[in-house]
*Asks:* 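Can you keep this structure in mind? I'll have questions shortly.
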Amino acid sequence: MSKVVSMENKNESQMVVNVERIMQMIPHRYPFLMIDKIIEMKVGEYAIGVKNVSINEQHFIGHFPGKPVMPGVLIIEAMAQTSAVLVVETLGKEAEGKLVYFMSIDEARFRKPVIPGDSLHIRVDKQQSRRNVWKFACVATVDGVKVADATICAMILD
């Protein structure tokens, strides 16, 4: 039985995954933690993460002076971290703290710049999982407009 975690549908078993819980689930920390919360999740199927983009982030110092743009590789990283949270929640407590490594990034497309002040929503849908290898279709949006998409494959290890 799948459990849905959503802002609209909160009860004792259904709640938003906040940043403190995310940091228990995956090892990333500032300045490389690329998701602030999970706003919706159906365990084993999909998750929607949010990254609130701030001008205070270090990469904006050099990318680009006078015209800050979030690097595409960091959008991909936000997709990977959202996927990792879904993997850990799906596998349960025994998966917490394990590393999820990239194996491949396919068909990545960047369609519109992401800038400070944007709220980046990252939806990851599990396409398949076999043993410790997982594949996800990922789409990032800002205000409902697609800004990036990719297919990623990752492996979870002890």
Side-chain angles (χ1 to χ4, degrees), residues 4-10 15-90 98-129 133-157:
V4 175
V5 181
S6 168
M7 289 182 80
E8 294 82 34
N9 221 356
K10 287 193 271 188
M15 53 192 271
V16 172
V17 180
N18 64 27
V19 72
E20 291 87 8
R21 178 71 181 121
I22 290 168
M23 289 190 297
Q24 291 173 348
M25 298 171 84
I26 62 176
H28 303 79
R29 298 295 181 266
Y30 179 82
F32 215 71
L33 184 60
M34 292 292 136
I35 51 175
D36 297 317
K37 63 184 171 181
I38 302 293
I39 59 169
E40 188 175 326
M41 179 173 10
K42 186 168 186 181
V43 176
E45 293 186 27
Y46 74 91
I48 301 172
V50 175
K51 164 68 175 154
N52 294 307
V53 182
S54 169
I55 191 64
N56 296 323
E57 295 174 57
Q58 291 294 312
H59 53 266
F60 288 129
I61 294 170
H63 200 270
F64 300 102
K67 184 73 173 157
V69 175
M70 184 174 183
V73 69
L74 296 182
I75 296 170
I76 296 290
E77 181 62 26
M79 292 173 177
Q81 290 179 19
T82 302
S83 299
V85 169
L86 178 58
V87 169
V88 170
E89 187 66 27
T90 300
K98 290 186 178 181
L99 296 177
V100 180
Y101 291 101
F102 269 129
M103 293 176 64
S104 66
I105 304 164
D106 296 316
E107 300 178 29
R109 300 284 185 268
F110 303 98
R111 301 169 187 287
K112 185 175 182 265
V114 176
I115 61 173
D118 284 346
S119 183
L120 185 67
H121 284 69
I122 306 103
R123 181 179 174 117
V124 300
D125 288 281
K126 183 189 85 169
Q127 291 184 318
Q128 70 182 54
S129 63
V133 177
W134 297 65
K135 185 175 183 180
F136 298 91
C138 308
V139 176
T141 61
V142 172
D143 295 329
V145 176
K146 186 188 298 187
V147 296
D149 56 307
T151 300
I152 64 172
C153 192
M155 177 184 290
I156 186 166
L157 298 173

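Reckoned from all heavy atoms, side chains included, excluding hydrogens, waters and symmetry mates. Since this is a predicted model, take the numbers as computed values, not measurements.
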*Asks:* I would like to know whether Tyr30 and Gln58 meet side chain to side chain contact (heavy atoms under 4.5 Å, CB included); could you show each step before the answer?
*Replies:* CA-CA 10 Å; Tyr30 179 82; Gln58 291 294 312; 4.2 Å; yes

*Asks:* Heavy atoms, side chains only, cut-off 4.5 Å: are Glu107 and Asp149 in contact?
*Replies:*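 SC-SC contact between Glu107 and Asp149 ruled out.
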
*Asks:* Could you go step by step and tell me if Met70 and Leu120 meet the side chain to side chain contact (heavy atoms under 4.5 Å, CB included) rule?
*Replies:* CA-CA 10 Å; Met70 184 174 183; Leu120 185 67; 4.2 Å; yes

*Asks:* Specify the closest pair of heavy atoms between Ile152 and Ala80, including all atoms of both residues, with the distance to one decimal.
*Replies:*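 Looks like CD1-CA, 3.7 Å.
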
*Asks:* Is there a side chain to side chain contact (heavy atoms under 4.5 Å, CB included) between Glu77 and His28 once you walk through the steps?
*Replies:* CA-CA 11 Å; Glu77 181 62 26; His28 303 79; 3.4 Å; yes

*Asks:* Apply the side chain to side chain donor-acceptor pair (under 3.5 Å) test between Tyr46 and each candidate in Lys126, Glu40, Arg123; give the one that qualifies.
*Replies:*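 It is Glu40, the one option of Lys126, Glu40, Arg123 that forms the side chain to side chain donor-acceptor pair (under 3.5 Å) with Tyr46.
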
*Asks:* Please report the closest heavy-atom contact between Val19 and Ile35, naming both atoms and the distance.
*Replies:*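 Nearest heavy atoms, Val19 then Ile35: CG2-O, 4.2 Å.
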
*Asks:* Can you see which heavy atom on Val17 is nearest to which on Met41, and at what distance?
*Replies:*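 What the structure gives for the nearest pair is CG2-CE, 3.7 Å.
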
*Asks:* For Arg29 and Met23, indicate whether the former's side chain and the latter's backbone hold a donor-acceptor pair under 3.5 Å.
*Replies:*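 Yes, Arg29 side chain to Met23 backbone: donor-acceptor pair under 3.5 Å.
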
*Asks:* Step through the shown structure and confirm whether more than 12 heavy atoms of other residues, nucleotides or ligands are within 6.0 Å of CG on Asp143.
*Replies:*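 Not more than 12 within 6.0 Å, no.
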
*Asks:* Return yes when atom CD of Gln128 has more than 12 non-hydrogen atoms of other residues, nucleotides or ligands closer than 6.0 Å, and no otherwise.
*Replies:*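 Counting neighbours around CD of Gln128, more than 12 heavy atoms of other residues, nucleotides or ligands fall under 6.0 Å, so yes.
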
*Asks:* Work out which heavy atom in Pro116 is nearest to a heavy atom in Ser54; give both atom names and the distance.
*Replies:*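 Nearest heavy atoms, Pro116 then Ser54: CB-C, 4.2 Å.
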
*Asks:* When rounded to the nearest 0.5 angstrom, what distance separates CD1 in Ile75 from SG in Cys138?
*Replies:*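 Rounded to the nearest 0.5 Å, the CD1-SG separation comes out at 12.0 Å.
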
*Asks:* So Val85 and Ile26, do their side chains get closer than 4.5 Å, heavy atoms only?
*Replies:*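 Heavy-atom side-chain distance check passes, below 4.5 Å.
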
*Asks:* Taking the side chain as every heavy atom from C-beta outward, state whether Lys51 and Asp36 have any pair of such atoms under 4.5 Å apart.
*Replies:*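 Yes; the side chains approach each other to less than 4.5 Å.
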
*Asks:* For the atom pair OG (Ser83) and NZ (Lys135), what is the distance rounded to the nearest 0.5 Å?
*Replies:*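 Answer for the OG-NZ pair, Ser83 versus Lys135, is 13.0 Å.
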
*Asks:* Do we see a donor-acceptor contact under 3.5 Å between the side chains of Gln24 and Glu20?
*Replies:*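 Gln24 vs Glu20: no donor-acceptor pair found between side chains.
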
*Asks:* Picking from Leu86, Ile22, Asn18, Ile122, what satisfies side-chain contact (heavy atoms from CB on, under 4.5 Å) with Ile38?
*Replies:*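 Of the listed residues Leu86, Ile22, Asn18, Ile122, the side-chain contact (heavy atoms from CB on, under 4.5 Å) partner of Ile38 is Ile22.
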
*Asks:* Search all heavy atoms of Phe110 against all heavy atoms of Ile76 and return the closest pair with its distance.
*Replies:*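 Looking at all heavy atoms of both residues, the closest pair is CZ-CG1, 3.8 Å.
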
*Asks:* Evaluate Val87 against Lys98 for side chain to side chain contact (heavy atoms under 4.5 Å, CB included), listing each step before the verdict.
*Replies:* CA-CA 10 Å; Val87 169; Lys98 290 186 178 181; over 6 Å; no

*Asks:* Taking all non-hydrogen atoms of both residues into account, name the closest pair between Thr90 and Gly44 and its distance.
*Replies:*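 Smallest interatomic distance, heavy atoms only, reads OG1-N, 2.9 Å.
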
